[in-house]
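Values reported hereafter were calculated over all heavy atoms of this structure, with side chains retained and with hydrogens, waters and symmetry mates removed. Naming: A, B, ... by sequence-line order, numbering from 1 per chain.
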Number of protein chains: 2
Amino acid sequence: MSDARDTLFRYLTLLQLIPRYPGRMSTPVLKEKLADRGFHIDTRSLQRDLSQKLSTQFPIGCDDSQKPYRWYFDRDFQCQLPALDVPSALTLVLAEEYLKGLLPPVVVGQLSPHFTDARRLLDKMSSNGLSQWARKVRAIPNGKALIPAALNETTWQIVSQALLEQKPVDVVYLSRTSKTEKHFTLHPQGLVSRHSVTYLLATVDDYDDIRQFAMNRIEIATLSEATWRPLHGFDLDNYIAGGAFGYLQGKVPVTLVAQVAPQVAWLLSETPLSETQRLTSLPDSSWQQLEAEVPDDQQTLWWLMAMGANVNVLAPTSWRETLKANAEQVLAHYQSTLVAQKTY
Amino acid sequence: MSDARDTLFRYLTLLQLIPRYPGRMSTPVLKEKLADRGFHIDTRSLQRDLSQKLSTQFPIGCDDSQKPYRWYFDRDFQCQLPALDVPSALTLVLAEEYLKGLLPPVVVGQLSPHFTDARRLLDKMSSNGLSQWARKVRAIPNGKALIPAALNETTWQIVSQALLEQKPVDVVYLSRTSKTEKHFTLHPQGLVSRHSVTYLLATVDDYDDIRQFAMNRIEIATLSEATWRPLHGFDLDNYIAGGAFGYLQGKVPVTLVAQVAPQVAWLLSETPLSETQRLTSLPDSSWQQLEAEVPDDQQTLWWLMAMGANVNVLAPTSWRETLKANAEQVLAHYQSTLVAQKTY
DNA sequence: TATTTACGCGACCTACGTTGTCGCACCCCT
DNA sequence: AGGGGTGCGACAACGTAGGTCGCGTAAATA
């Protein structure tokens with residue numbers, strides 16, 4: 001293995017080194033990287049491998065406009081080494097259905113080679129002609145499907161790279177309040193995808209406080225020349241729990257007690273609110289009593305609100321009061337706009 | 001290519017033919033499949049390839065308990081041919097975060113080789129030691145995260161295979177109403193993953209009507225000996241739109257008109273309700289007027305309810321009435337249980 | 001413009017890897 | 001006990017991978 005004169009393995013390593021299309025890699029660099037991994041071969045051999053062996057059998061392209069030729073894989077080529085099995089392929093299709101509603105198109109596009117691979121397998125499998133797998137699988141997302149914010153492909157690439165390699169980025173950002181473009185140097189500390197909007201958490205210029213930047217409002221991103229300023233003691237989970245995304249979350253879970261309508265009980269018996277959930281029948285009613293330890297956060301409260309008259313929260317009292325107050329406010333709204341309503 | 005005496009390519013094809021662990025494939029079968037793809041080689045060569053070349057370089061195992069040896073890949077081995085790039089790896093991590101809340105653990109586990117591959121790449125990349133990528137990325141799911149219904153691994157494998165290959169399955173199903181186990185022969189027609197519960201749509205035994213089966217309540221599934229009875233004219237999308245999953249959906253979209261609080265307007269400007277959405281300022285208020293073409297479905301109504309007092313729906317009138325009635329009912333609840341409340 | 005440098009590429013040759021064939025051993029089945 | 005299916009060691013012939021040399025070319029440098 002150290003000598004590793006095994007041709008096959010060298011080919012495979014080489015194939016793994018060649019980047020997918022937007023990227024490219026020159027022959028000398030490839031030789032270098034190959035050497036790093038224990039394959040000390042002559043430049044000539046590498047050239048032969050590329051231009052005679054691999055490029056005839058694989059969708060590999062060569063940019064020969066400049067002299068150190070640079071090689072790349074076709075953008076959408078994908079090859080799983082243990083080929084996908086049918087269940088995995090189906091899972092991928094399902095996953096794609098879900099993710100399309102959750103992540104920006106560009107980001108899902110990043111994974112398209114995987115998904116197309118799965119689809120190709122399923123297509124091929126139904127050689128009888130009419131399996132029509134595409135019409136057999138659907139994902140119904142949780143909650144209202146909002147349209148994911150569009151974002152720029154290179155922005156995603158630059159920012160994700162910067163985040164992971166701990167490098168600063170220069171960005172042109174379209175501020176929300178003032179509709180003006182601003183220039184910042186960001187030091188990325190984290191990435192949060194909330195619903196369908198992706199936020200970059202970063203410190204700005206020379207300041208030490210974390211700020212949020214919606215990725216879709218970053219107009220241009222480039223790796224910065226500035227030096228990286230590390231930030232210690234930042235914890236993403238604490239940051240989120242602190243309410244930064246509108247999800248103020250109490251440290252301690254609370255015990256939810258509520259009466260729920262039959263259809264809600266049915267739902268909850270399939271997909272519990274928490275591990276500790278208990279459902280018990282109520283006398284003289286088709287409703288059931290629900291008890292569960294749930295996080296003290298906005299999400300849970302919204303879920304309860306969406307259930308509307310189908311749940312009747314008994315505890316915690318604060319939630320009960322909130323829900324009650326909310327209902328009163330809603331009614332108040334509908335009183336005050338009574339006149340306006342008539343115009344529709 | 002027809003003669004394809006290229007060793008490398010034969011090796012690769014072979015590697016793609018060897019299934020991942022739960023599966024296994026015997027030498028004669030491999031020879032057969034290889035021949036199908038144009039590689040007519042001697043059995044001896046195949047044996048050498050497997051036992052001397054491939055199994056020394058790859059995590060390949062051999063079950064030699066029976067005489068036609070059967071080969072398989074390590075369960076969690078994964079090899080992308082153009083290796084993953086950093087943005088793709090990060091996307092995979094994000095995707096996994098989301099999917100963990102949406103699909104049953106076993107189903108996500110089906111994709112774990114992909115995800116572990118991504119994680120391995122990120123781990124390796126941060127050779128400086130402390131990139132701690134895992135602490136840098138979070139996905140906050142849309143809506144309340146219910147716990148996905150657990151389901152059996154082999155059930156998923158059998159059923160997905162049956163669905164795609166148009167084969168009937170014999171199942172032991174734990175009925176919801178009566179807590180008894182029932183035996184059916186199902187003819188799978190579709191698969192719907194709703195929130196976190198996965199349903200199989202199938203005709204039962206000799207009947208022609210579609211019924212839903214929660215995958216998590218299928219206790220045992222085996223490919224059936226029965227002959228496949230095709231069902232014509234079934235359209236999954238129509239079926240869902242027809243309200244089968246509690247999402248009765250009007251054929252025509254409706255025009256939603258509402259006044260929304262600033263924070264809701266903020267959210268909607270990032271992730272619109274629909275392509276046609278318009279937000280306009282209201283005089284004498286920080287609220288804004290929202291107009292959008294939205295589907296006439298339960299999801300949208302739930303979303304409006306969750307927004308509570310932060311939206312004031314003006315049209316369609318039916319929704320306005322529904323929301324108002326709901327608020328009144330909620331208040332009524334909280335009146336009637338006033339006494340009970342005090343005990344908490 | 002002349003010179004240098006860096007690559008790509010064709011050619012050549014040798015060592016070694018690949019592959020078909022044969023024979024033997026083993027196990028299972030009848 | 002015998003025969004078919006399979007794994008495996010050995011061997012010889014063929015093919016080819018890979019190091020080396022040298023030329024041509026294009027870009028960089030003086």
- Message: So for the helix from C:dT1-D:dA30 to C:dT30-D:dA1, with five pairs setting each end axis, what is the inter-axis angle to 10°?
- Response: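 End axes: 30° apart.
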Between [atom2] on [N] and [atom1] on [X], what's the gap in Å once rounded to a whole number?
| X | N | atom1 | atom2 | value |
| --- | --- | --- | --- | --- |
| A:Asp64 | D:dG24 | CG | P | 21 Å |
| A:Lys31 | D:dG18 | NZ | C1' | 12 Å |
| A:Tyr11 | D:dT16 | OH | P | 11 Å |
| B:Ile41 | D:dC14 | CD1 | P | 21 Å |
| A:Asp49 | D:dG19 | CG | C1' | 13 Å |
| B:Leu8 | C:dT19 | CG | P | 11 Å |
| A:Phe9 | D:dA17 | CZ | P | 19 Å |
| A:Phe39 | D:dA17 | CZ | P | 16 Å |

- Contact state string [nucleotides 4-9 of chain D, B base, S sugar-phosphate only, - no protein heavy atom under 4.0 Å]: --SBBB
- Message: By the side-chain hydrogen bond (donor to acceptor under 3.5 Å, both in side chains) test, which pairs, at least two apart or in different chains, include something from residues 215-225 of chain B?
- Response: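 Counting only pairs at least two positions apart or across chains, the side-chain hydrogen bond (donor to acceptor under 3.5 Å, both in side chains) contacts touching residues 215-225 of chain B are A:Glu270-B:Asn216, A:Glu270-B:Arg217, B:Asp170-B:Ser224, B:Tyr173-B:Arg217.
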- A:Gln110 versus B:Ser88, side-chain donor and acceptor atoms under 3.5 Å: yes
- Message: Assess, by modelled atom type and distance only, whether the side chains of B:Trp71 and B:Ser26 contain a donor and an acceptor separated by less than 3.5 Å.
- Response: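 No - no donor-acceptor pair under 3.5 Å links their side chains.
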- Task: Give every residue pair that meets the salt bridge (charged side-chain N to carboxylate O under 4.0 Å, His left out) criterion with at least one member in residues 69-95 of chain B, sequence neighbours excluded.
- Result: B:Asp63-B:Arg70, B:Arg75-B:Glu153
If only side-chain N and O atoms of [X] are considered, is one of them under 4.0 Å from the OP1 or OP2 phosphate oxygen of [N]?
| X | N | result |
| --- | --- | --- |
| B:Ser45 | C:dG20 | yes |
| B:Lys53 | C:dG17 | no |
| A:Thr7 | D:dG18 | yes |

Who passes salt bridge (charged side-chain N to carboxylate O under 4.0 Å, His left out) against [X], sequence neighbours left out?
| X | answer |
| --- | --- |
| A:Asp42 | none |
| A:Arg48 | none |
| B:Lys53 | A:Asp6 |

- Message: Run the ring pair (Phe, Tyr, Trp, His ring centres under 6.0 Å) test against A:Tyr72 and tell me which residues pass, sequence neighbours left out.
- Response: A:Tyr21
- Message: Salt bridge or not between B:Asp36 and B:Lys33? Use side-chain N to carboxylate O under 4.0 Å.
- Response: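 No, this pair does not count.
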- Item | Stretch residues 12-23 of chain A: residues that reach within less than 4.0 Å of DNA chain D through a heavy atom |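 None - not one residue of the stretch has a heavy atom sitting under 4.0 Å from the strand.
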- Item | Counterpart residues, side chain to side chain donor-acceptor pair (under 3.5 Å), relative to A:Lys31 (two or more places apart) | none
- Apply side chain to side chain donor-acceptor pair (under 3.5 Å) to A:Gln157 and list each qualifying residue two or more places apart in sequence or on a separate chain.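 Listed in chain order: nothing, the list is empty.
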- In chain order, what residues pass the side chain to side chain contact (heavy atoms under 4.5 Å, CB included) check against A:Pro82, with sequence neighbours excluded?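 By the side chain to side chain contact (heavy atoms under 4.5 Å, CB included) rule, A:Pro82 matches B:Arg20, B:Phe73, B:Phe77.
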- Query: Of A:Asp42 and A:Ser65, whose nearest nucleotide on DNA chain D comes first from the 5' end?
  - Reply: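 Of the two residues, A:Asp42 wins.
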